[in-house]
Protein chains: 2
Amino acid sequence: MARAATTSDAFNAIAEPRRREILVYLAVRERPVGDIVTALGFEQPSVSKHLRVLRKVGLVHMRCQGRQKLYRTNAEAIRPLHEWAGTFERYWQHQLQRIKERAESTIKNARPISNPKEKS
Amino acid sequence: MARAATTSDAFNAIAEPRRREILVYLAVRERPVGDIVTALGFEQPSVSKHLRVLRKVGLVHMRCQGRQKLYRTNAEAIRPLHEWAGTFERYWQHQLQRIKERAESTIKNARPISNPKEKS
DNA sequence: TTGACATATTCCCATAAGAGAATGTAATTT
DNA sequence: AAATTACATTCTCTTATGGGAATATGTCAA
């Protein structure tokens with residue numbers, strides 16, 4: 001099996017850097033596709049394709065207004081990612097603590113660095 | 001250009017569901033590869049390959065102990081993801097607010113939808 | 001040394017991709 | 001209706017998978 005589709009879920013969708021840029025850009029307020037093209041400097045077809053992926057996983061909303069389509073980031077859809085990453089928060093706190101402790105003990109018991117290459 | 005390598009950054013690495021499972025499993029404490037295989041039920045070569053990806057982007061640490069290798073999640077490396085997603089927090093709060101307000105006003109001033117195309 | 005155990009790597013294959021170019025489509029304007 | 005504007009889709013091509021099977025590497029035990 002090859003890699004999962006970018007449209008399979010939000011995790012896959014945000015793996016692409018340009019899609020993350022688009023999400024940031026569209027977070028403030030809705031914008032037509034042309035604005036994204038101008039602001040971020042990507043090719044228009046590329047933007048449309050990325051928007052399609054983002055839409056399929058619900059990361060952006062769209063509404064039509066005349067001949068333009070207005071897109072906006074659906075911040076709610078990013079929440080699960082935030083929460084998933086947040087479950088590790090307690091661990092990185094512990095790790096910082098451990099690193100700190102190790103650093104302190106290293107300073108206290110300072111001794112010459114042993115050379116692993118010394119044969120005898 | 002094809003899709004970016006899973007080893008290009010943490011965002012790409014966590015796009016794979018099994019790698020996320022491994023990260024969760026290894027967050028509590030370090031474990032040998034065999035434990036992961038048993039606990040999650042993946043093929044051993046598959047686990048090794050996923051661990052290699054996770055290692056390349058710094059999401060797990062490894063140390064050798066006899067003939068086994070002990071892996072542990074490096075929670076610190078997940079922090080950037082958490083922070084990136086967190087930048088949208090203010091927007092999802094606003095959106096909830098907006099949705100709430102819209103629902104209320106819709107009930108109060110029920111009237112036909114105005115047509116934006118009206119020129120004057 | 002030989003064998004068992006724990007991992008890692010390699011090969012093959014089907015799939016999904018993202019970029020670029022060209023083209024299609026719908027809504028506006030003249 | 002014809003031209004224009006704003007997007008979306010399709011096609012081609014190169015690249016990166018991720019799984020399964022087989023194999024290689026490294027370490028400890030007898």
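Each chain gets a letter, A, B and so on, in the order the sequences are listed, and its residues count up from 1.
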Q.
For His82(B) and His82(A), take the angle between the two ring planes, folded into 0 to 90°, and tell me which bin it lands in: parallel under 30, tilted 30 to 60, perpendicular over 60.
A.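 Judged by the thresholds at 30° and 60°, the geometry between His82(B) and His82(A) is parallel.
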Rounding to a whole Å, what distance do you find between [X]:[atom1] and [N]:[atom2]?
| X | N | atom1 | atom2 | answer |
| --- | --- | --- | --- | --- |
| Asn12(A) | dT15(C) | CG | P | 18 Å |
| Lys49(B) | dC11(C) | NZ | P | 12 Å |
| Gln65(A) | dT5(D) | CD | P | 18 Å |
| Arg52(B) | dA16(D) | CZ | P | 14 Å |
| Lys56(A) | dG18(C) | NZ | P | 12 Å |
| Met62(B) | dT7(C) | CE | P | 10 Å |
| Arg55(B) | dT9(C) | CZ | C1' | 14 Å |

Q. dA19(C) phosphate, OP1 or OP2: any side-chain N/O from Ser46(A) under 4.0 angstrom?
A.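 Yes, because at least one side-chain N or O of Ser46(A) sits under 4.0 Å from OP1 or OP2 of dA19(C).
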Q.
Restricting to non-hydrogen atoms, name the atom on Val57(A) and the atom on Thr7(A) that form the minimum distance, rounded to 0.1 Å.
A.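 It is CG1-O, 3.4 Å.
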Q. Which atoms form the tightest heavy-atom contact between Ile78(B) and Trp92(A), and what is the distance?
A.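 Closest pair (atom of Ile78(B), atom of Trp92(A), distance): C-CZ3, 4.3 Å.
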Taking the minimum atom-to-atom distance to the side chain of [X], which one of [options] wins?
| X | options | result |
| --- | --- | --- |
| Ser48(A) | dG20(C), dC7(D), dG26(D) | dC7(D) |
| Ala5(B) | dT9(C), dA16(D), dC7(D) | dA16(D) |
| Pro45(A) | dA16(D), dA22(C), dT9(C) | dA22(C) |
| Arg67(B) | dA16(C), dA4(C), dA19(C) | dA4(C) |
| Lys69(B) | dA19(C), dT7(C), dC11(C) | dT7(C) |

Q) Which residues, if any, of residues 35-44 of chain B bring a heavy atom under 4.0 Å of DNA chain D? A)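 Correct list: Glu43(B).
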Q. Residues from residues 13-25 of chain A sitting under 4.0 Å of DNA chain D, heavy atoms only?
A.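 When residues 13-25 of chain A is checked for heavy atoms under 4.0 Å from DNA chain D, there are no hits whatsoever.
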Q. Contact class for Thr6(A) vs. all strands (heavy atom < 4.0 Å): base, sugar-phosphate, or nothing?
A.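 Thr6(A): backbone/sugar contact only, no base atoms under 4.0 Å.
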**Q.** Lys/Arg-Asp/Glu bridge criterion (N-O < 4.0 Å) met for Arg79(B), Glu89(A)
**A.**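 The answer is no: the pair does not qualify as a salt bridge.
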Q: Could you tell me whether Arg20(A) sits above the aromatic face of Phe11(B), with NZ or CZ closer than 6.0 angstrom to the six-membered ring centre and within 45 degrees of the axis?
A: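 Yes, Arg20(A) sits over the ring of Phe11(B).
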Q: Would you kindly compare Gln68(A) and Ala2(A) by the position of their nearest DNA chain C nucleotide and give the one closer to the 5′ end?
A: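 The residue closer to the strand's 5' end, by nearest nucleotide, is Ala2(A).
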Q) Between the side chains of Arg19(B) and His50(B), does any donor sit under 3.5 Å from an acceptor? A)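 Yes - a donor-acceptor pair under 3.5 Å links their side chains.
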Just so I know, are the side chains of [X] and [Y] near enough to count as touching, which here means a heavy-atom distance under 4.5 Å?
| X | Y | value |
| --- | --- | --- |
| Arg31(B) | Tyr71(B) | no |
| Leu59(B) | Asn74(B) | no |
| Arg3(A) | Asn12(B) | yes |

**Q.** Of Arg3(B) and Tyr71(A), the one whose closest DNA chain D nucleotide lies more 5'
**A.**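 Result of the comparison: Tyr71(A).
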Q. Hey, which of these two, Thr7(B) or Met1(B), hits DNA chain D nearer its 5' end, going by closest nucleotide?
A.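 Nearest-nucleotide comparison on DNA chain D picks Met1(B).
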Q | Side chain Ser46(B), main chain Phe42(B), donor-acceptor under 3.5 Å | A |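 Not at all, since once roles are kept as given, no pair shorter than 3.5 Å links the two residues.
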